[in-house]
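No hydrogens, no waters, no symmetry mates; every other heavy atom, side chains included, goes into these values.
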Amino acid sequence: MGRGKLRIYLGAAPGVGKTYAMLSEAHRRVERGTDCVVAFVEHHQRPRTEVMLHGLEQLPRMELEHRGAVFTEMDVDEVLRRAPAVALVDELAHTNVPGSRNDKRWQDVEELLAAGIDVVSTVNIQHLESLGDVVESITGVRQRETVPDEVVRRADQIELVDMSPPALRRRMAHGNIYKPDKVDAALSNYFRPGNLTALRELALLWVADRADEYLTEYRSEHRVSKIWGSRERIVVGLTGGPEGRTLIRRAARLAEKGAGGEVLAVYIARSDGLTSASPKELAVQRTLAEDLGGTFHHVVGDDIPAALLDFARGVNATQIVLGSSRRKTWQYVFGPGVGTTVARESGPDLDVHIVTHEEVAKGRGLPVARGARLGRSRIIWGWAVGIGGPVVMALLLNTIDLGLANDMLLFLAVTVAAALLGGLLPALASAAFGSLLLNYFYTPPLHRLTVADPKNIVAIVVFVGVAVSVASVVDLAARRTHQAARLRAESEILSFLAGSVLRGETSLEALLERVRETFGMESVALLERAGDVDPWTCAGSAGPSPAARPEDADVDMPVGDHTALALTGRVLPASDRRVLAAFAAQAVVVLDRQRLQFEADQAKELAEGNRIRTALLAAVSHDLRTPLAGIKAAVSSLRSDDVAWSDEDRAELLEGIEDGADRLDHLVGNLLDMSRLQTGTVTPLFREIDLDEVVPMALLGVPEGSVDLDIPESLPMVAVDSGLLERAVANLVENAVKYSPPDERVLVAASAMADRVEVRVVDRGPGVPDEAKDRIFAPFQRYGDAPRGTGVGLGLAVARGFAEAMGGTLNAEDTPGGGLTMVLTVRAVDHRPGLAARSAVAERQAS
């Protein structure tokens with residue numbers, strides 16, 4: 001029996017209709033005669049979803065006891081025994097109750113698939129493991145239940161269940177997703193329009209990328225080389241000149257006009273020596289491309305048009321954007337240019353855009369990176385002109401009689417051309433061959449290698465001497481030009497390195513990426529070791545498969561005794577090692593700077609801790625002395641024998657002593673807590689508890705009857721440090737009671753939302769302006785005109801610090817009708833039966 005097939009309904013958020021779509025598909029299959037059963041589907045008490053279960057065979061669930069409660073999970077053994085053709089398994093990312101067959105439901109699904117059972121399941125985009133950080137940055141909630149991306153990628157079918165944010169919020173408001181008492185909290189938190197829009201875009205892009213992967217795989221399997229314009233991909237060909245910025249912006253505007261357009265900026269470098277573009281300019285263009293949502297690519301190739309077209313076809317591009325040629329008119333004699341060649345060879349499946357810019361026809365103007373030696377093509381052309389040129393010239397002059405002097409000048413011009421193209425040796429060959437032809441065809445006696453007139457001998461000797469001299473001068477000038485261009489490129493690189501030192505740039509990976517691009521290498525790694533016999537370790541790298549040892553690299557540049565820069569891709573000429581040495585030295589400097597910065601940050605934390613302690617001592621002097629003075633005065637009065645105190649007086653003095661001691665205890669507690677937070681010594685001891693075990697304990701320090709408590713028993717358990725949570729809630733409640741009017745009670749309420757539980761402390765006091773809501777959590781802040789003696793302003797700072805230490809948040813909101821609401825959010829533990837329906841957990845799929 002073969003492996004079963006997996007179909008997944010993917011949604012952007014709870015409530016978009018994944019479970020409903022899955023059940024609809026089940027009904028369609030049953031009507032076609034398919035053996036389809038419900039292995040596990042959670043309807044969350046949603047009537048329309050519950051109705052869809054009617055008419056479908058539901059397998060019994062497995063019951064497990066955990067922490068004194070009974071939970072139900074999918075019975076994998078029962079499903080395997082029943083062996084249906086198709087099994088419906090809801091909530092693929094679900095974490096099973098301890099004691100289950102597997103830790104995760106997707107592992108249960110893997111067993112069913114291995115047994116040949118087709119599975120239809122559901123999952124939300126926020127549960128994909130690779131998107132955890134992105135979803136947390138959008139919603140502020142870290143998803144605990146995740147499924148590996150590879151599990152979803154391997155699905156045979158992925159269907160997106162989509163719904164616009166306004167429609168989803170309307171469903172929420174109508175009570176189709178959560179109970180009415182949970183709707184307001186959900187709409188104001190997880191289901192905000194911005195959150196839903198971002199999650200929807202994330203889901204659409206993820207599905208689009210998977211579809212693109214499937215298309216690429218299909219094209220590869222079927223060897224499809226023709227471009228399919230299913231998605232606009234625009235390749236921007238860069239030369240390294242300043243016009244590249246114009247091309248990238250133009251390509252970005254073209255991409256915006258098509259749905260899902262993508263921009264790929266590519267720079268093609270020659271394989272000999274340093275690249276011919278300024279590394280600084282390429283870095284600017286890389287940043288611009290990435291800022292506009294595109295990507296930057298570095299390709300090595302000597303045939304630039306061919307390399308560009310190969311790259312475009314390899315990424316299934318639909319358009320190529322190139323700049324108008326920088327060549328002057330006369331330079332077209334050397335060839336049609338990159339733009340013309342690309343347009344001619346692109347074929348009907350690639351559109352080529354030639355974009356004008358300010359550098360058109362101003363000359364190439366780019367520093368030539370090649371060294372003093374001439375390129376192979378130029379040398380070949382030089383020999384062709386040096387040998388073939390005199391022959392062609394002799395054939396032409398045999399038809400025209402211009403005189404010996406003019407003939408010698410024309411042969412001299414051919415020698416100069418050979419020197420310009422191929423250097424000294426082709427020019428010498430041209431001079432020698434040309435002198436023989438002059439002697440044979442144009443000096444009497446003709447057609448013999450002898451010279452009758454001595455004057456002609458002098459003329460030929462002068463011709464050879466002038467030809468050799470001119471060839472030497474031209475060759476030297478050409479080489480000096482190339483050397484100057486190379487030195488210009490080197491100076492730009494070294495200037496860029498010096499500028500990065502002055503700017504304090506500390507990104508080692510960015511520097512190594514510039515090394516890779518500058519020298520056209522595949523990968524670059526900075527290696528170091530502690531001693532001569534210690535193994536090498538990689539301090540930073542760029543590119544795929546970096547070398548693990550200097551011996552494994554194509555090029556290694558030692559820096560000191562125990563550090564080396566290792567490059568793979570090709571062997572560099574010796575002339576490039578000077579610039580490479582500068583890069584290597586800069587890489588070591590950057591590495592040392594990063595480490596020094598880390599040490600400086602640690603020293604800064606210590607100094608900040610010392611500053612906080614000093615500020616604490618200065619801030620609490622009055623607040624410590626006041627209760628101490630009151631306690632001392634009361635004790636001295638009680639011990640005095642000069643006054644006969646009545647029972648009422650003695651009780652009043654003892655009450656004053658108790659109040660002063662309580663104030664001292666509260667003050668010292670906050671001081672110690674703040675000191676622990678500032679020095680990073682707060683280590684929460686997490687355990688799963690109920691809020692109704694902790695919150696009532698936090699209210700013992702406030703006057704009786706000043707607080708209303710609303711903690712539903714159906715709330716999920718929370719993973720917190722009970723001591724830190726109690727301290728944080730106590731500080732919030734004390735602060736709320738302090739600022740509430742005497743006839744108004746403070747409300748402490750809790751509710752569940754997504755995978756978190758919110759504790760709201762609501763007062764009816766004067767409230768806090770929006771611009772001051774963040775400042776009230778700073779240490780030593782007293783709101784308004786609160787007098788000294790009412791605290792040192794640490795209560796809220798300590799509460800937020802404890803909340804963040806437990807992985808939660810603490811924020812201030814306006815209370816409707818006036819006042820301030822403190823919202824403390826902590827992580828929920830999903831272990832109770834039916835928890836999703838009672839607590840409206842947004843991780844569950846909706847109908």
Side-chain angles (χ1 to χ4, degrees), residues 12-15 42 44 91 93-95 124-129 131-146 172 177-179 181-192 194-196 198-199 684 686-695 698 710-722 724-726 728-729 732 748-762 777 799-813 821-832 834-846:
E42 189 69 70
H44 305 308
E91 302 173 0
H94 172 73
T95 300
N124 271 341
I125 191 67
Q126 67 263 30
H127 296 300
L128 295 182
E129 194 168 286
L131 301 178
D133 294 337
V134 179
V135 173
E136 184 178 10
S137 66
I138 294 172
T139 64
V141 177
R142 184 68 181 185
Q143 300 296 327
R144 294 180 300 105
E145 294 188 331
T146 59
M172 174 73 70
I177 300 177
Y178 296 149
K179 291 182 179 180
D181 58 337
K182 306 296 183 183
V183 170
D184 290 339
L187 291 176
S188 61
N189 289 277
Y190 194 88
F191 286 81
R192 292 193 297 267
N195 286 3
L196 296 178
L199 291 173
F686 289 100
R687 67 185 185 93
E688 299 174 8
I689 62 173
D690 284 311
L691 279 181
D692 53 13
E693 298 178 12
V694 179
V695 175
D710 180 16
I711 307 294
E713 294 182 359
S714 59
L715 283 178
M717 302 177 75
V718 292
V720 295
D721 183 308
S722 57
L724 297 184
L725 179 61
E726 179 183 339
V729 175
L732 296 178
V748 179
S751 61
M753 177 59 196
D755 63 348
R756 55 186 175 172
V757 172
E758 291 183 346
V759 179
R760 291 178 171 262
V761 181
V762 183
F777 293 102
R800 172 173 274 188
F802 283 171
E804 293 176 349
M806 294 184 293
T809 59
L810 176 59
N811 296 294
E813 299 178 357
T821 298
M822 292 293 179
V823 183
L824 173 63
T825 303
V826 292
R827 290 175 296 171
V829 180
D830 186 4
H831 285 325
R832 295 188 174 187
L835 171 62
R838 292 194 305 273
S839 60
V841 177
E843 292 182 0
R844 298 290 185 244
Q845 284 73 18

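Across all non-hydrogen atoms, the minimal contact from Ala13 to Gln126 is CA-OE1, 4.4 Å. Across His127 and Ala93, no two heavy atoms sit closer than the pair CB-CB, 3.7 Å. The shortest non-hydrogen separation linking Leu732 to Ala799 is CD2-CB, 4.0 Å. Summarising the geometry of Leu691 relative to Ala750, their closest heavy-atom pair is CD1-CB, 3.8 Å, with the distance given to 0.1 Å.
Only one option out of Leu810, Val748, Val718 pairs with Val759 in a side chain to side chain contact (heavy atoms under 4.5 Å, CB included); it is Val748.
A 4.5 Å side-chain heavy-atom check between Asn811 and Arg800 finds at least one atom pair inside the cut-off. Glu813 is listed as a side-chain neighbour of Arg760, based on a closest heavy-atom distance under 4.5 Å. The shortest distance between side-chain heavy atoms of Ser722 and Ile689 falls below 4.5 Å. A heavy-atom distance below 4.5 Å is not found between the side chains of Val757 and Ser751.
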List the steps and the verdict of side chain to side chain contact (heavy atoms under 4.5 Å, CB included) for Glu726 and Phe802.
CA-CA 10 Å; Glu726 179 183 339; Phe802 283 171; over 6 Å; no
Test side chain to side chain contact (heavy atoms under 4.5 Å, CB included) applied to Val761 and Leu824, step by step
CA-CA 8 Å; Val761 181; Leu824 173 63; over 6 Å; no
Go through the steps for Asn124 and Glu91 under the test side chain to side chain contact (heavy atoms under 4.5 Å, CB included), then give the verdict.
CA-CA 8 Å; Asn124 271 341; Glu91 302 173 0; over 6 Å; no
Applying side chain to side chain contact (heavy atoms under 4.5 Å, CB included), run through Leu725 and Val729 and close with a yes or a no.
CA-CA 6 Å; Leu725 179 61; Val729 175; 4.0 Å; yes
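At least one donor-acceptor pair closer than 3.5 Å links the side chain of Arg144 to the backbone N or O of Ala828. Distance alone, capped at 3.5 Å, is enough to place a donor-acceptor pair between the Asp721 side chain and the Leu724 backbone. Side chain of Glu145 to backbone of Thr95: a donor-acceptor contact under 3.5 angstrom is found. Although no hydrogens or angles enter the test, the distance criterion places no donor-acceptor pair under 3.5 Å between the side chain of Arg827 and the main chain of Arg756.
Here Leu131 contributes atom CG and Ile125 contributes atom CD1; the two are 5.0 Å apart, rounded to the nearest 0.5 Å. The distance from atom CD of Glu804 to atom CZ of Phe777, rounded to the nearest 0.5 Å, is 9.5 Å.
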